[in-house]
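Below is one structure, written out as structure tokens; comments come after it.
Note that the numbering runs from 1 along the sequence shown for the chain. Note that the structure is predicted; figures quoted are calculated from it, not measured.
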Amino acid sequence: QVQLVESGGGLVQAGGSLRLSCVASGRTFSTYTMGWFRQAPGKEREFVGNIHMIFTTYYANSVKGRFTISRDNAKNTVYLQMNSLKPEDTAVYYCAAGRNRAGNGVYEYEYWGQGTQVTVSS
């Protein structure tokens with residue numbers, strides 16, 4: 001069982017930056033692919049990016065070049081650095097833990113955090 005707790009959300013102006021953190025319980029954090037997803041009102045949950053146990057990262061086209069995912073296995077923490085934020089980035093952001101090599105599908109992730117709200121004003 002893995003428990004995930006996100007933090008770092010808030011209100012920011014367009015063009016600004018935020019860094020989200022997700023702390024995981026358990027001793028097997030390093031073996032999971034950690035993903036970030038987001039869900040805007042009235043929309044489906046969508047893939048933002050992920051980081052595998054070997055530290056390779058993948059991003060949705062909509063955030064590529066603006067968002068960066070990193071992980072610190074010693075702290076059981078994964079980060080989402082968001083730069084050049086746009087109003088369309090407004091959503092609840094979720095971190096998720098999946099088995100090694102999990103991809104961009106919601107169904108590939110077994111454990112989810114409660115989410116943190118990110119609001120970008122224009």
Using 0.5 Å steps for rounding, measure from the CD atom of E6 to the SG atom of C95. 4.0 Å

Could you state the interatomic distance from OG1 (T57) to NZ (K64), rounded to the nearest 0.5 Å? 10.0 Å

Would [X] end up clustered with [Y] when hydrophobic side chains under 4.5 Å apart are linked, directly or stepwise?
X    : Y    : answer
Y79  : M82  : no
V92  : V106 : yes
Y107 : V48  : no

Please report the shortest heavy-atom distance between Y59 and F67, naming the atom on each side. CE2-O, 3.4 Å

Minimum-distance pair of heavy atoms, taken over all atoms of F29 and A24: CD1-CB, 3.5 Å

Which residues satisfy the salt bridge (charged side-chain N to carboxylate O under 4.0 Å, His left out) test with R45, sequence neighbours excluded? none

Partners of E46 by salt bridge (charged side-chain N to carboxylate O under 4.0 Å, His left out), sequence neighbours excluded? R38

Does the pair Y58 and H52 meet the rule for a ring pair (Phe, Tyr, Trp, His ring centres under 6.0 Å), with working shown? CA-CA 9 Å; Y58 297 90; H52 294 306; 5.4 Å; yes

Taking side chain as C-beta onward, heavy atoms only, is [X] less than 4.5 Å from [Y]?
X    : Y    : answer
S30  : M53  : no
I69  : V78  : yes
Y94  : Q39  : yes
T31  : N100 : no
L4   : M34  : yes
L20  : W36  : yes
L18  : Y93  : no
R101 : E108 : no

Are D72 and T77 close enough that a side-chain donor and a side-chain acceptor fall under 3.5 Å? no

Donor-acceptor contacts, no H, no angles, side chain residues 115-122, under 3.5 Å, sequence neighbours left out:
unit_1 : atom_1 : unit_2 : atom_2 : d
T116   : OG1    : G9     : N      : 3.2
Q117   : NE2    : A91    : O      : 3.4
Q117   : NE2    : T119   : OG1    : 3.3

Checking the side chain of [X] only, and the main-chain atoms of [Y] only, is there a donor and an acceptor separated by less than 3.5 Å?
X   : Y    : answer
N50 : N104 : no
Q81 : R19  : no
S84 : R66  : no

What do the steps show when you test F37 against W112 for ring pair (Phe, Tyr, Trp, His ring centres under 6.0 Å), and what is the final call? CA-CA 10 Å; F37 291 77; W112 292 83; 5.0 Å; yes

Test S17 against N83 for side-chain hydrogen bond (donor to acceptor under 3.5 Å, both in side chains), laying out the working first. CA-CA 4 Å; S17 298; N83 299 327; 2.9 Å; yes

